[in-house]
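Residue numbers begin at 1 in each chain, while the letters A, B, ... track the order of the sequences. Just the heavy atoms: all of them, side chains too, but no hydrogens, waters or symmetry mates, feed the values below. Everything numeric in this text was worked out from a predicted model, so none of it was measured.
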Amino acid sequence: MTPLFVRVASIALLVVMSACGTQATSGVNESVNDSSTNLEKRTLVVYSGRSEALIKPIIDAYMITHPSVNVLLKAGKDNELAATILEEKNTPQADVYITTNFLTSLALARDGVFVAHTVPNAAEIPAQYASPEAMWTPITLRARVLMYNTDQLTAEQAPTSIQALTDPKWAGRVAAANSTNGAMQAHIATLITRTSPSAVQTLLTGLVKNNVTFFGGHTDVRKAVGSGEFAVGLVNHYYYELQKREPTDNKVGVMYPDQAEGEMGLVLNATAAAVVKGGPNTADAQDFVDFLLQPDTQKLFAELNFEYPIIPSVPLAEGVTPLTGLKIAAFSIADMEAQVPAAQALMAGAGIP
Amino acid sequence: MTESVAQNATPRIPAWHWTIVGCAALLALLPAVYTVYRGYEAIGGVAQINGTLLWTLVQNTIVYALLAALIAGCIGTTQALLIENGRLPFWGFWRILVALPLVIPPYVSALTFLTLLRPHGMFEKWLVSNGLTEFGALPFDGIFGVFGSAFVLGTSLSPYVYFPVSAVLQSRSQHLSELARITGASTTRRIRHILLPMVLPAMGGGMLLVLLYALADFGVPALLRLPTFSTAIYARYAGSVDRSGAALLSIPLIAITALLIFVQDRFFGHGVTQINRSWKPPVTQQFNLKTVLFCALITVSVIPALGVPLGMLLTWIGSPVSAVERASIMPFGSIVSAAGRTLVLSFLVATGVEVLGLLVARVLRHGGKLGYAVGRIAQIGYALPGIVVGLSVVLMLSAFVPALLGGIIPLVIALTIRFLPQAIQGMDVSLRLVTPSLEDAGRLLGQTPLGVLRYIIVPLSASGIRSTWALVFLGLLKELPATLLLRPAGFDTLAVRIWMPTSDGFVVSAAGPALALIVCAFVPFIALQWRTSEHLKTQS
């Protein structure tokens with residue numbers, strides 16, 4: 001019995017190894033799209049803080065329209081990749097940096113790792129989200145909302161503000177993203193600029209005391225609310241839209257919070273892209289960023305992921321609540337960015353994972 | 001004679017050999033030292049740690065590790081006791097079955113358990129839809145936290161205990177036990193005076209391995225929402241541009257692990273279990289109520305570690321998904337190329353680590369006091385969980401050799417540091433089988449040191465070398481945290497391909513690469529089985 005077993009195993013190993021031999025040499029240059037084997041291709045390295053599922057369709061679209069470019073993607077967390085770019089400052093490996101949080105791009109721009117690049121349709125971008133020196137380009141907007149399980153709550157019962165989540169009646173029923181999440185960090189930073197550090201500290205300790213569950217990412221939150229494990233989730237608005245379109249566990253509603261008189265209004269955040277200074281392939285990097293801002297690509301962001309395109313003329317996906325008519329929390333990017341370390345410290349201090 | 005051997009001891013190791021081993025030791029030592037330095041520097045700085053959180057981490061990490069070791073200890077020992085008495089029908093089949101959980105990475109197990117048993121998960125929904133319970137009536141949230149995590153890891157790692165215990169039982173129990181029975185000892189007496197003294201040390205050694213694994217484990221607690229040091233270090237690493245917070249959190253974890261290594265070295269370090277040559281293969285196969293019951297018990301014992309993950313993964317293949325998840329499902333070709341990358345990387349690193357391990361083990365044994373010290377230093381990676389190794393390589397290279405960042409080299413360095421100790425220990429054990437006088441004979445007959453290595457040492461310790469390689473290869477295939485931190489853009493291994501969609505909550509997309517990884521893990525698994533079977537054959 002054994003010799004046959006062994007022989008089969010060794011043959012299998014040999015076959016696999018030889019089959020991979022060719023793969024190995026080109027392993028590092030493996031593209032996101034495996035069908036491309038043309039050796040003449042130029043390589044474009046993209047570091048993305050947007051989760052893989054939310055950027056890969058766009059990259060696939062780019063590679064179809066630009067068959068001579070092979071995009072290599074490294075997806076991770078915003079700050080993790082930001083730190084990597086800083087460490088690689090003298091020997092840049094990435095060409096493009098994409099972040100879910102424009103505050104990170106502001107910080108990196110200050111550290112001088114980006115090269116200015118103005119997209120052809122820059123005039124259409126609302127000024128308050130743009131980088132004055134064109135060091136980075138906003139791509140889409142996201143709103144911080146509360147989604148809830150409609151089996152458990154009616155629209156009237158759903159909490160109407162972030163502050164309300166500290167009410168004991170929500171104890172153990174709320175989920176949110178943890179402190180590694182860029183949107184969460186930016187949200188807390190915005191709250192600090194709109195209120196005060198001590199008020200935010202009270203809010204965060206209130207959340208922790210109320211047993212809010214903090215997940216590594218928003219997809220966990222939306223799935224847990226969809227399944228009914230939690231009644232309420234603090235998410236970016238499109239996670240509600242995604243959950244609503246799931247084949248199962250789709251009984252969810254959305255609340256755009258803090259809209260009442262005296263409340264601060266909706267907190268927004270922008271995703272952004274930047275061209276890395278001294279990257280191996282700056283020309284294609286600039287072209288790629290231009291591509292992200294083209295109306296067709298902006299439409300992809302709207303329709304695949306239900307985000308708000310940064311180019312206002314691009315229509316929203318069907319069913320997405322338009323931002324016009326909503327009360328938006330006033331903000332200044334520079335003020336917010338200045339509060340990011342404070343936001344991180346407050347979250348760590350409150351014991352948020 | 002002894003004197004001349006002692007005099008020969010140092011010249012036997014040539015200068016190039018010393019140099020390589022010295023470099024390996026430095027490579028293993030410097031990143032760890034630098035991480036501790038960076039963490040120490042950060043004390044009192046921006047990267048503060050909440051005291052309550054720190055205490056929670058200490059508690060969670062230790063309780064998780066202890067519970068997992070206990071669970072693995074109970075399961076592995078019971079399996080060994082049931083199987084190694086040699087009376088079960090289809091004896092060989094059961095031996096392979098209980099070892100099989102080795103091919104399934106614990107984080108894949110955790111993923112399947114999460115989907116099945118989470119509140120409002122598959123199982124609870126099924127119960128509710130059949131009117132057997134209502135939502136929230138049963139404590140399904142028990143899958144989260146320390147008990148759920150320990151259960152998943154403990155069941156997955158039961159082979160770590162099964163192997164040493166079964167080896168001990170094979171080596172001696174039959175003889176002594178029969179002897180005792182003949183001389184009229186009662187069952188209780190036999191258990192107390194023969195079985196326990198033999199089984200306990202092996203069980204303890206195996207459980208310590210599980211304990212070490214659990215301290216370093218990242219995937220299972222991350223999925224089952226248990227904050228441990230590993231997950232907290234990753235959260236700091238991923239959540240902040242400043243890496244010193246992660247370095248600071250690494251210090252307590254390094255300290256706990258180092259303490260454990262010390263204990264292991266002190267009490268279990270030299271108790272290597274070799275299958276005794278006088279071991280006899282099983283007596284008879286008996287079909288009766290008792291043995292059938294035993295077989296059923298063994299089957300039940302592998303359901304959590306084998307049945308649940310495989311069953312769930314197979315049902316996921318082709319199950320309906322949302323439009324956004326469809327984009328993250330890997331086409332077959334991509335899975336194959338990711339598998340190719342994983343296999344090639346693991347093959348090359350395992351081979352490199354193996355050679356390095358052999359060189360270090362030689363110095364460890366024959367290099368005098370200095371050699372012993374250098375050999376021990378090279379094993380420091382054992383006390384560094386994967387996440388810390390990854391972090392320390394990043395910190396070290398970015399501070400001193402940033403030009404190396406971005407390519408494959410940082411990953412190779414980290415994997416080498418992480419798996420070198422395993423190779424050194426395996427090689428050390430194998431080399432004990434070679435009598436030093438054989439080497440002297442080889443040298444006297446005119447061979448170079450390299451020739452001695454090639455024609456005497458390697459062939460004589462071949463089976464140990466092979467099984468060490470297989471174990472290292474298996475570990476590399478499944479390695480997640482260091483690879484997650486250090487992979488170059490576009491270089492995703494199967495483990496990363498499982499992790500990325502999982503961290504987005506897309507479990508169905510993780511099924512393809514997970515099954516591919518299990519298939520790949522079969523290669524070293526078979527090599528390990530081969531070794532055991534060869535032993536049995538030569539001895540019967």
Side-chain angles (χ1 to χ4, degrees), chain A residues 2 5-6 9 12-13 16-17 19-20 23-24 27-31 34 45-47 51-53 56-57 72-77 79-80 82-83 86-88 90-91 93-94 107 178-180 213 216-217 219-220 223 227-229 242 245-247 304-305 341 344-345 348-351 353, chain B residues 46 48-50 52-53 118-121 135 222 225 227 231-232 235 237-243 320-325 327-328 331 333-334 337 339-341 343-344 347 394 398 402-403 405-408 487-491 500-501 503-506 522-523 526-527 529-530 533-534 537:
Chain A
T2 311
F5 206 40
V6 170
L13 177 64
V16 173
M17 297 310 301
C20 306
Q23 288 291 347
V28 182
N29 296 324
E30 185 90 55
S31 68
D34 280 286
V45 177
V46 175
Y47 285 7
S51 71
E52 203 177 61
K56 209 170 147 270
L72 297 182
L73 172 67
K74 180 165 179 173
K77 300 278 185 180
N79 284 319
E80 172 189 7
L86 286 176
E87 284 157 358
E88 294 169 355
N90 294 323
T91 49
Q93 305 291 324
N178 68 19
S179 63
T180 63
T213 298
T219 304
D220 274 336
K223 293 212 161 179
S227 76
E229 188 184 346
L242 291 170
R245 289 163 178 83
E246 284 281 343
L304 290 175
N305 201 38
Q344 288 172 342
Chain B
V46 202
Q48 55 162 316
I49 298 177
N50 173 304
T52 330
L53 181 66
R118 69 189 294 170
H120 296 257
F135 284 120
R225 303 182 196 165
T231 64
Y237 177 85
S240 165
V241 180
D242 180 9
R243 312 273 208 213
V321 292
S322 63
V324 66
E325 173 156 9
S328 69
S334 306
S337 61
R341 257 193 308 265
L343 283 171
V344 170
F347 181 87
V394 168
S398 62
L405 289 172
I408 191 88
R487 79 211 137 95
F491 193 87
M500 293 306 281
S503 65
D504 280 335
F506 300 146
F522 250 94
V523 177
I526 288 165
Q529 287 295 320
W530 178 20
S533 315
E534 285 226 316
K537 222 167 55 185

Which region of [X], side chain (C-beta onward) or backbone (N, CA, C, O), has a non-hydrogen atom less than 4.5 Å from a non-hydrogen atom of chain B, or is it both or neither?
X        : answer
A/Thr91  : side chain
A/Ala94  : neither
A/Gln344 : side chain

Among the options [options], pick out the one with the most heavy-atom pairs lying under 4.5 Å from chain B.
options                                : value
A/Gly217, A/Gly351, A/Ser179, A/Ala107 : A/Gly351
A/Glu229, A/Lys77, A/Lys74, A/Glu88    : A/Glu229
A/Asn305, A/Thr219, A/Asn178, A/Asn90  : A/Thr219

- prompt: How long is the span from the NZ atom in A/Lys223 to the NE2 atom in B/His120, to the nearest 0.5 Å?
  reply: 16.0 Å
Test item: A/Gln93 side-chain N/O and B/Leu405 main-chain N/O as donor-acceptor pair under 3.5 Å: yes
Is it the backbone or the side chain of [X] that comes under 4.5 Å from a heavy atom of chain A, or both, or neither?
X        : value
B/Arg118 : side chain
B/Pro402 : both
B/Ala403 : both

statement: Hits for side-chain contact (heavy atoms from CB on, under 4.5 Å) against A/Thr213, two or more places apart or cross-chain, chain-then-number order -> A/Phe215, A/Phe230, B/Arg225
- line: Contacts of B/Ala235 meeting side-chain contact (heavy atoms from CB on, under 4.5 Å) (sequence neighbours excluded), chain-then-number -> A/Thr180
- line: Nearest heavy-atom contact between A/Val45 and B/Ala489 is CG1-CB, 3.6 Å
message: Minimum heavy-atom separation for B/Pro119 and A/Ser227, please, with both atom names.
response: O-OG, 4.3 Å
